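The structure appears right after this line, and notes come after that.
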Amino acid sequence: MQRFLQLPGAAVRPGGREADQEAASPVLAPEGGAPPWYQALQPEELRWLQAPEEDTTPEESLEGPCPEPGQGQSQSQPLRHDDLKAMLDTNKDSLKLEAMKRIVAMIARGKNASDLFPAVVKNVACKNIEVKKLVYVYLVRYAEEQQDLALLSISTFQRGLKDPNQLIRASALRVLSSIRVPIIVPIMMLAIKEAASDMSPYVRKTAAHAIPKLYSLDSDQKDQLIEVIEKLLADKTTLVAGSVVMAFEEVCPERIDLIHKNYRKLCNLLIDVEEWGQVVIISMLTRYARTQFLSPTQNESLLEENSEKAFYGSEEDEAKGPGSEEAASTALPTRKPYVMDPDHRLLLRNTKPLLQSRSAAVVMAVAQLYFHLAPKAEVGVIAKALVRLLRSHSEVQYVVLQNVATMSIKRRVSTGPRPALVVQQGMFEPYLKSFYIRSTDPTQIKILKLEVLTNLANETNIPTVLREFQTYIRSMDKDFVAATIQAIGRCATNIGRVRDTCLNGLVQLLSNRDELVVAESVVVIKKLLQMQPAQHGEIIKHLAKLTDNIQVPMARASILWLIGEYCEHVPRIAPDVLRKMAKSFTAEEDIVKLQVINLAAKLYLTNSKQTKLLTQYVLSLAKYDQNYDIRDRARFTRQLIVPSEQGGALSRHAKKLFLAPKPAPVLESSFKDRDHFQLGSLSHLLNAKATGYQELPDWPEEAPDPSVRNVEVPEWTKCSNREKRKEKEKPFYSDSEGESGPTESADSDPESESESESKSSSESGSGESSSESDNEDQEEDEEKGRSSESEQSEEEGKKKKMKKRKKVPEGQEGGSSSDEGSDSSSSSSESEMTSETEEEQVEPASWRKKTPPSSKSAPAAKEVSLLDLEDFTPPSVQPVSPPTVVSTSLAADLEGLTLTDSPLVPSLLSPVSGAGRQELLHRVAGEGLAVDYTFSRQPFSGDPHMVSVHIHFSNSSDTPIKGLHVGTPKLPPGISIQEFPEIESLAPGESTTVVMGINFCDSTQAANFQLCTQTRQFYVSIQPPVGELMAPVFLSENEFKKEQAKLTGMNEITEKLTLPDTCRSDHIVVQKVTATANLGRVPCGTSDEYRFAGRTLTSGSLVLLTLDARPTGAAQLTVNSEKMVIGTMLVKDVVQALTQ
Amino acid sequence: MIHSLFLINSSGDIFLEKHWKSVVSRSVCDYFFEAQERATEAENVPPVIPTPHHYLLSVYRHKIFFVAVIQTEVPPLFVIEFLHRVVDTFQDYFGVCSEPVIKDNVVVVYEVLEEMLDNGFPLATESNILKELIKPPTILRTVVNTITGSTNVGDQLPTGQLSVVPWRRTGVKYTNNEAYFDVIEEIDAIIDKSGSTITAEIQGVIDACVKLTGMPDLTLSFMNPRLLDDVSFHPCVRFKRWESERILSFIPPDGNFRLLSYHVSAQNLVAIPVYVKHNISFRDSSSLGRFEITVGPKQTMGKTIEGVTVTSQLPRGVLNMSLVPSQGAHTFDPVTKMLSWDVGKINPQKLPSLKGTMSLQAGASKPDENPTINLQFKIQQLAISGLKVNRLDMYGEKYKPFKGIKYMTKAGKFQVRT
């Protein structure tokens, strides 16, 4: 304390005395110096020393005996507390405050101050706010012990509950509910009920906090409390949401039915709830979703075959290979395709942005939600965020690594033995290096990282991993070295290719100077040898020699076991080892002794001539051993192997018993079975069920009725049957309802509202299989929806500024959902309408009502800055091909997170795939093998300069086609091909998709190559449309203009054209352009200009496209690019696309 | 949720306890002490320790264990994150978080803890709100309080918690309106024996100190936002705007805060600004070993490398070292076997080096591992990833603020294996 330091030396002395007294306390550090508690207080005391009228009291306190009252002893030190009492009784606030501070300091130190209760409780109504707060602290701490006296304070709080100031009401409720006195349960109940309908959201939040407190005090109140919870769950403010869900989790986690009506609201509010609430809500919703939705993976195999796969699969799924598709085709007729419940999708979508939270707990919560709920193809998005957490504090790392270990192993298990499925576990593979170990990591982190590295090791990366391991083996941290050796052992068992390398490495370690290392190696070698003993006689001999030196019992035991087990491989050495062991038998550890007995028994059975006497000697030694296990074993063994009159029946089978072939051990991760616990939970971490852990239910077979989540339509809308969409409007108003909801309140709520709106409408469309008749209904509803929306839009009017911000993302959302729903056009029109609402609130609502509801005319509405909406709509000119949709929906979902070109994540700016399927080889020409290709528009993972081409093979012949691969290509200079891995076999009726990369070198020359099967070769060629030779780039308007200014003159190609009536809306124009060329849209200030930008793949030159469209239909198309040829061709293609 | 909190110093004394539900006896910490003993080193104490009736979750910072006691299932990161938040808050309040400081300010600490949790569930954790509830002690305020008898507890109840911008205080006023942003990048790297990079990545943060009157709405844009691979934001950043336009738009908290932390994609090659030449050799059967390190600049973009320190944990067999540095000072602790060399600036003309011999335990065999060298350094005025802030705009307020951006590159976990 600074003040204290300035005081003259003499004044400090009482502190010294205190210190002497304190020295008796075991709690305080015995070494000298005044304990700071008193330092903190002294200046005040000194002040009183100077003030004559207060002189006595503090003095007394200083002279009091040791202030270590202990439980029940407090009566023996009346003096000390008397002075505090006296101070509390004065009228001076400053004295009271001082007394309270000292009392709180005592509490903080864990000392008993309970005998001051009466004196303190009197001050509960003190005017000084700090005194009051400290009194509250005291009260909450001791009320339980002094129930009768605590009651004295209740009336103060009851008065506080009626205060006009919301903060005082809240604080009164908070303290009242924290006093754990059973008598006041009814009062608390009443107060909570009242506060739950308070007009202030802050008070309601406090009420939510009070619920679990009351519940823990008196669980009989459960039913009444559930009513309150139900009421508060319906609350629409973000402030309350987290707290009430926490109360729900503590009081009635089993009443999942209470969530139905609030599910969508919670999903939509989630992003605005404070971090702690988010964690609780997310983990509750995970459980909820597990009970209410179908597993997205259950029909995964089916998805491959069906066009529906497009939504949730990715090309990785497709690469799964023939096995799964076989299953799929058999399953096809019996099961109906899986369509994700729109609410399920809503949850996934609304939680994803939270992966970007600064709070590790939130990130982990989202990660576990995705892990447990998302389709396999989407789980990958969490990897990056989790890896980010590894930069955090070591405790965070510890927890995250535990979970990553489970996740990485889970992927492996789920993929089963089929090697084609390696991609599935690849979530963390790109981040392999992030798990490399630094010498400064704490050991527990090192070992966890090792675990993850081992899980991630596979055929391709094992050399790197082993090289890393080699460094680790030389570490000074011996526990870590031991763990590394085990890890090597596991890699060796998992990956057959490196088994011998590993084994050799481990054998080398046997000559290590450190005994621990040697011992650990022996144990691991033993396990590895068991897999293929015959080839390793040499190693066993080497091990046998080690028995002379090595002292670690486990290692000795392992060696003995090995020699016994494989004594036929080392017939000369084995008896000698037994001889040595017999000599040292008495000095061995128990575990070694047991193995000596084993060895003796085995040798007796195989080589009784040489070892009979030795065995008998060992057995007699063992007979008198101190350990009864060993005596027992010796007796048992003797009976078995040494033939006697009565034991004959068993000894005939002794060979079978002792020399039975033993299965090789499986070296498994200790994280193997942990995934039945919800990830991120305490139980998962401990691998044991913690108190109060809520099991994560299995997916239901049949989805419960989704309509339970529908909420009644607000009265002011006439719409009756489309509640799904309607109810989304409610959260919209939620925040402005609060007492103080100034500027920011509208910021995010409308976003989520409109998102979900467009979302649910489109998805419900697809859910109903979107037959024609359905469509009509829907359109009707759409119109109703729109009209009600426009009503809403009038109210929104003033918030224009806030809304502008949201336009673009909303567009994306709307767009991506439209991919999922087959009824895409109506949904996109829907989202367009909302955004329009923001744009032109001046426009009367009636105008929009007049808009014909047909999907065709909706896009005609003027709409300016929806960035990517158009991109998402499947091109109407071309047939929608399933794999394109795969990429789009996935991309749409992933794009929120990333901007990389990492192979996991398809490029966000080109979520649409290129031209539809093109034929590469006709069925007839290919003798039953039909080959199509599409340009996926995803970056090719191997080489960014390559165009990735999806090649779809299907076998329509009745014999399997074997050995499909690319033969020697004859390529024009510059063009190169990254071949796809050979397809071993394609069964009749099956089809598969592979990805191959072609570097066209920025030209439209065809890539000619041969497709070879075992029997035939087909000459094929892929000629890319010019639009596929580029990838979109993200530019701002200014950057665009700047770049454009650089590319004038020869580099600018202009063409005039007239847009036909059918393509005058932005929507169609943008869609047509992006369908023709793989360009990204650039935001643009003026309404009738469209800008797109891209880069050619090989040379990376910019391609800028501007379309200036007059309302009359006249338009001018400009392409600026260094590559003039490309520019010219692009102009031609785009003009053709636009005018046809 | 969180039942109780115990603060334990490195010598194993519980010097503060706080209970948010009924009292848990401090004897529960015995389990913790047991684990601590087993772990030998403080950082190896498992963060989660199960006991028969409770679970102990702890974090270790500033030589203090913060041990939370919980009774029922709760996500461990929830508690750990909260404990770290507590430490950050203490640091924010008192400048440093250490045992003496906490003991000195025990009442404030207690009041803060009381506000942070209600019944074990976090209530107010934003430092701006907390500071309104309970004012941090300053010298001036302490003096004023002594004279006037006023208190540290805010006499107005805070409104921040009710606002939709919970991270910002209301009614902020400054005479000098200023906003500073520090772009700090850390290079994490492992360099192998031969000097090639095994792994290297850049982790960056933008720390801000914003002192602006009223309710300013800021936007910050980058020249090259695509560099940022993985970002996490302060809750004030509008996520949608970032997603669509790659612009950071936010109403800032008052004072210091971390606006954003990011990761630069591993695909981009990371420029490694320093190299270390080393020659460390032990000979069998000899009691002397050679030790030689030289540090030099490499890919520094013309900037000076400052604040270089080299630390290395030498094998147990090393008894002592006699070294001569060409610049700076070095120390070797024969007990912990920790060598540290404070180099200072690197002058490219005259590269700093540290040469000499190690005396090894006589008769002992040579250690199988060469030590790892850890490097610390700083480069001012450079963000190694090339990230550049384009502009900072303010809306919503009329005055013209002073704006400042600073770049810095530091070594994160930078290790050279030898």
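Numbers restart at 1 for each chain; the letters A, B, ... are given by sequence-line order, proteins then strands. Predicted, not measured: the structure shown is a model, and the values here were computed from it.
Of the two parts of A/E144, only the side chain, counted from C-beta on, holds a non-hydrogen atom closer than 4.5 Å to a non-hydrogen atom of chain B. When heavy atoms are compared at a cutoff of 4.5 Å, A/I437 approaches chain B solely by way of its backbone atoms N, CA, C and O. For a residue to count as touching a neighbouring chain, one of its non-hydrogen atoms must lie under 4.5 Å from one of that chain's; by this rule A/R438 touches chain B with backbone and side chain alike. For chain A, the nearby part of B/Q415 is the side chain; its heavy atoms alone come within less than 4.5 Å. Residue contact with chain A, scored on non-hydrogen atoms closer than 4.5 Å, is absent for B/I49. Interface remark: A/E1039 contributes side-chain atoms only to the contact with chain B (heavy atom separation under 4.5 Å). Interface residue A/L134: only side-chain heavy atoms are found under 4.5 Å from chain B. Of the two parts of A/A210, neither the backbone nor the side chain holds a non-hydrogen atom closer than 4.5 Å to a non-hydrogen atom of chain B. Neither the backbone nor the side chain of A/V387 comes within contact range of chain B, judged by heavy atoms closer than 4.5 Å. A/V396 touches chain B through backbone and side chain together, each having a heavy atom under 4.5 Å away. Neither the backbone nor the side chain of A/Q402 comes within contact range of chain B, judged by heavy atoms closer than 4.5 Å. In this structure, the portions of A/Y693 lying under 4.5 Å from any heavy atom of chain B include both its backbone and its side chain.
For chain A, the option among B/D188, B/V74, B/N374, B/V79 with the highest count of heavy-atom pairs below 4.5 Å is B/D188. In terms of heavy-atom pairs under 4.5 angstrom with chain A, the leader among B/A39, B/P235, B/P50 is B/P235. In terms of non-hydrogen atom pairs under 4.5 Å with chain B, the most contact-rich of A/M246, A/H684, A/R391 is A/R391. Note on B/E41, B/H53, B/E186, B/K193: by heavy-atom pairs under 4.5 Å with chain A, the leading option is B/E186. Of all the listed residues (B/I80, B/D118, B/L7), the one sharing the greatest number of non-hydrogen pairs under 4.5 Å with chain A is B/D118. Of all the listed residues (B/V109, B/L77, B/L83, B/I70), the one sharing the greatest number of non-hydrogen pairs under 4.5 Å with chain A is B/L77. For chain A, the option among B/R61, B/H19, B/M1 with the highest count of heavy-atom pairs below 4.5 Å is B/R61.
With respect to the salt-bridge test (charged N to carboxylate O, under 4.0 angstrom), the residues A/E468 and B/R417 qualify. With salt bridges taken as basic N to acidic carboxylate O contacts below 4.0 Å, none links A/K213 and A/E250.
Side-chain atoms of A/Q444 come within 3.5 Å of backbone N or O of B/V45 as a donor-acceptor pair. Put simply, the side chain of B/N44 gets close to the backbone of A/T443: a donor and an acceptor are under 3.5 Å apart. Not one N or O on the side chain of A/Y136 forms a donor-acceptor pair closer than 3.5 Å with the backbone of A/V131. Between the side chain of B/H234 and the backbone N or O of B/C236 there is at least one donor-acceptor pair closer than 3.5 Å.
The side-chain heavy atoms of B/W20 and B/L113, taken from C-beta on, include a pair separated by under 4.5 Å. Counting only heavy atoms from C-beta outward, the side chains of B/V107 and A/R102 never approach each other to under 4.5 Å.
Here the CZ atom belonging to B/F239 is positioned 8.5 Å from the CG atom belonging to A/L354, to the nearest 0.5 angstrom.
Among residues two or more places apart in sequence or in another chain, the side chain to side chain contact (heavy atoms under 4.5 Å, CB included) test is passed with A/S359 by A/E275, A/S357, A/A361, A/V362, B/E81, B/R85. B/V205 is linked by a side chain to side chain contact (heavy atoms under 4.5 Å, CB included) to B/I184, B/D207, B/R258, B/S261, counting only residues two or more places apart in sequence or in another chain.
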Are B/E114 and B/K18 close enough, and set up right, to give a salt bridge (Lys or Arg N to Asp or Glu O under 4.0 Å), and what steps lead you there? CA-CA 8 Å; B/E114 181 72 24; B/K18 171 91 183 95; 2.7 Å; yes
